[in-house]
Protein chains: 2
Amino acid sequence: MPTDQLSVTFAALADPTRRAILARVAEGEATVMQLAEPFHLKLPTVSKHLKVLRQAGLVTQGRQAQWRPCRLEAAPLKDVSDWLERYRERWEERIGQLDDYLQELKTREEKHDSEK
Amino acid sequence: MPTDQLSVTFAALADPTRRAILARVAEGEATVMQLAEPFHLKLPTVSKHLKVLRQAGLVTQGRQAQWRPCRLEAAPLKDVSDWLERYRERWEERIGQLDDYLQELKTREEKHDSEK
DNA sequence: TGGCTAATTAGCTAATCGGCAGAATAGCAG
DNA sequence: CTGCTATTCTGCCGATTAGCTAATTAGCCA
């Protein structure tokens, strides 16, 4: 249970239910009940997931009467993105002494890319 | 513990020791002993971390005599990056004409955040 | 006030995790 | 074969987690 912010964020994202909650909240504010409905989970369970997301700074909850609508807060995702950038070239396979060769390939690939 | 690939990857990244191992391995192959040395961890502990990273597909280990040098495999990081892209516009906060209004909301929310 | 609804907290269980020590495995060198 | 080294496997421990039920808080309405 590391306490550094990045670890807390990654841990919060390491659960498909919580990622689905994020996806739902990204489309607009939602109450806890609305979030619980698509999953067959009880309210306290969803509430606990929200607590994890809240501690990671990924959602905030407001107050409207007895509802606590949830909103997405994407700032921690930027931290994840920044951390990832460091490894981008590793999966983009455009490294090293092969640049010239790859550059040639690249111009050829650009035709393919534009298909998409 | 969810078994879907993205969750496994996020879980593997949710530990500063494992992220440090990744950073080290990104600079070149390393044996388990070399990886263990900077952290004051025993070999079996590092071996266990490596197992987690291996199951996430983030490292592979080869064979050279009695050493099992570790290499970075960045492909799962691309999956993380692709997942993140969906939210990029949310943290780039330069959307539409609402910038000033959102900025004002943000300062108001910061009070709510401090409620804990 | 009392009743209703939404959400959280408290407490439980089974499973998992990060650390360790000790034993087992794999590959070299005499 | 006998050691020697690097690594993994097997248990163990204390802490944490996801799920549940039951109890509690918070806000509305009559």
Side-chain angles (χ1 to χ4, degrees), chain A residues 1-22 24-25 28-56 58-71, chain B residues 1-22 24-25 28-56 58-71 111-116:
Chain A
M1 45 76 206
T3 54
D4 71 278
Q5 190 52 50
L6 201 48
S7 297
V8 171
T9 303
F10 274 125
L13 296 177
D15 183 295
T17 302
R18 285 195 288 264
R19 290 198 304 279
I21 289 176
L22 278 190
R24 168 65 185 80
V25 167
E29 297 201 348
T31 67
V32 181
M33 279 188 60
Q34 288 172 334
L35 291 174
E37 190 246 321
F39 322 102
H40 49 297
L41 296 178
K42 301 301 175 186
L43 272 187
T45 304
V46 175
S47 193
K48 214 181 253 187
H49 280 304
L50 285 173
K51 189 176 186 178
V52 174
L53 291 169
R54 229 183 300 129
Q55 285 168 343
L58 287 163
V59 303
T60 50
Q61 278 176 280
R63 281 259 169 136
Q64 283 177 30
Q66 60 256 233
W67 298 274
R68 288 158 186 73
C70 303
R71 316 186 51 217
Chain B
M1 52 87 196
T3 54
D4 70 279
Q5 191 51 50
L6 200 48
S7 297
V8 171
T9 303
F10 274 126
L13 296 176
D15 183 294
T17 302
R18 285 194 289 263
R19 291 198 304 278
I21 289 176
L22 278 191
R24 169 66 185 81
V25 168
E29 297 201 350
T31 68
V32 180
M33 278 188 61
Q34 289 171 334
L35 291 174
E37 189 245 322
F39 322 101
H40 49 295
L41 295 179
K42 301 302 175 184
L43 274 185
T45 304
V46 175
S47 193
K48 211 182 256 190
H49 279 304
L50 285 174
K51 189 175 185 180
V52 174
L53 291 169
R54 229 182 301 127
Q55 285 168 342
L58 286 163
V59 304
T60 50
Q61 278 176 281
R63 282 258 171 138
Q64 284 178 29
Q66 59 257 231
W67 297 273
R68 288 158 187 72
C70 303
R71 316 185 52 218
K111 293 181 187 171
H112 289 270
D113 289 353
S114 57
E115 292 170 8
K116 185 195 174 188

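In the text below, chain A, chain B and the rest are named by the order of the sequence lines, each starting its count at 1. Note that the coordinates shown come from a computational prediction; the quantities given were computed from them, not determined experimentally.
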Legend entry - First of A/His40 and A/Trp67 reached from the 5' end of DNA chain D, by closest nucleotide: A/His40
Inset, instruction - Using a 4.5 Å cut-off on heavy atoms from C-beta on, say whether the side chain of A/Val25 contacts that of A/Leu58. - result: no
Legend entry - Check: A/Gln61 and A/Val32 side chains under 4.5 Å, non-hydrogen atoms: yes
Under 4.0 Å between a side-chain N or O of [X] and OP1 or OP2 of [N]?
| X | N | result |
| --- | --- | --- |
| B/Thr45 | C/dG18 | no |
| B/Arg68 | D/dA6 | no |
| A/His49 | D/dT17 | no |

Legend entry - CZ-CZ distance between B/Arg68 and B/Arg54, expressed to the nearest 0.5 angstrom: 9.5 Å
Side chain of [X] only, heavy atoms from C-beta on: which candidate in [options] is closest?
| X | options | result |
| --- | --- | --- |
| A/Val52 | D/dG19, C/dT9, D/dA18 | D/dA18 |
| B/Val32 | D/dT21, D/dT7, C/dA7 | D/dT7 |
| A/Ala65 | D/dA18, C/dA7, D/dC28 | D/dC28 |
| B/Gln66 | D/dC28, D/dT8, D/dT5 | D/dT5 |
| A/Leu41 | C/dA6, D/dC20, C/dG18 | D/dC20 |
| A/Ser47 | C/dG11, C/dT9, D/dT8 | C/dT9 |
| A/Gln61 | C/dG18, C/dA7, D/dC20 | C/dA7 |
| B/Lys48 | C/dG19, C/dA7, C/dA21 | C/dG19 |
| A/Arg54 | C/dT8, D/dT7, D/dA18 | C/dT8 |

Protein-nucleotide distance ([X], atom [atom1]; [N], atom [atom2]), rounded to Å:
| X | N | atom1 | atom2 | value |
| --- | --- | --- | --- | --- |
| B/Lys42 | D/dC12 | NZ | P | 21 Å |
| B/Arg63 | D/dA6 | CZ | P | 15 Å |
| B/Leu50 | C/dG18 | CG | P | 12 Å |
| A/Leu43 | D/dT24 | CG | C1' | 14 Å |
| A/Lys51 | C/dA7 | NZ | P | 17 Å |
| B/Ile21 | C/dG18 | CD1 | C1' | 12 Å |
| B/Leu53 | D/dT8 | CG | C1' | 15 Å |
| B/Arg18 | C/dT16 | CZ | C1' | 12 Å |

Legend entry - Heavy-atom pair of closest approach, residues A/Ile21 and A/Phe39: CG1-CE1, 3.9 Å
Legend entry - Member of B/Arg71, B/Arg63, B/Arg24 meeting the salt bridge (Lys or Arg N to Asp or Glu O under 4.0 Å) criterion with B/Glu29: B/Arg71
Legend entry - Listed once per pair and sorted, the side chain to side chain donor-acceptor pair (under 3.5 Å) pairs that draw on residues 39-51 of chain B, sequence neighbours left out: B/Arg18-B/His49
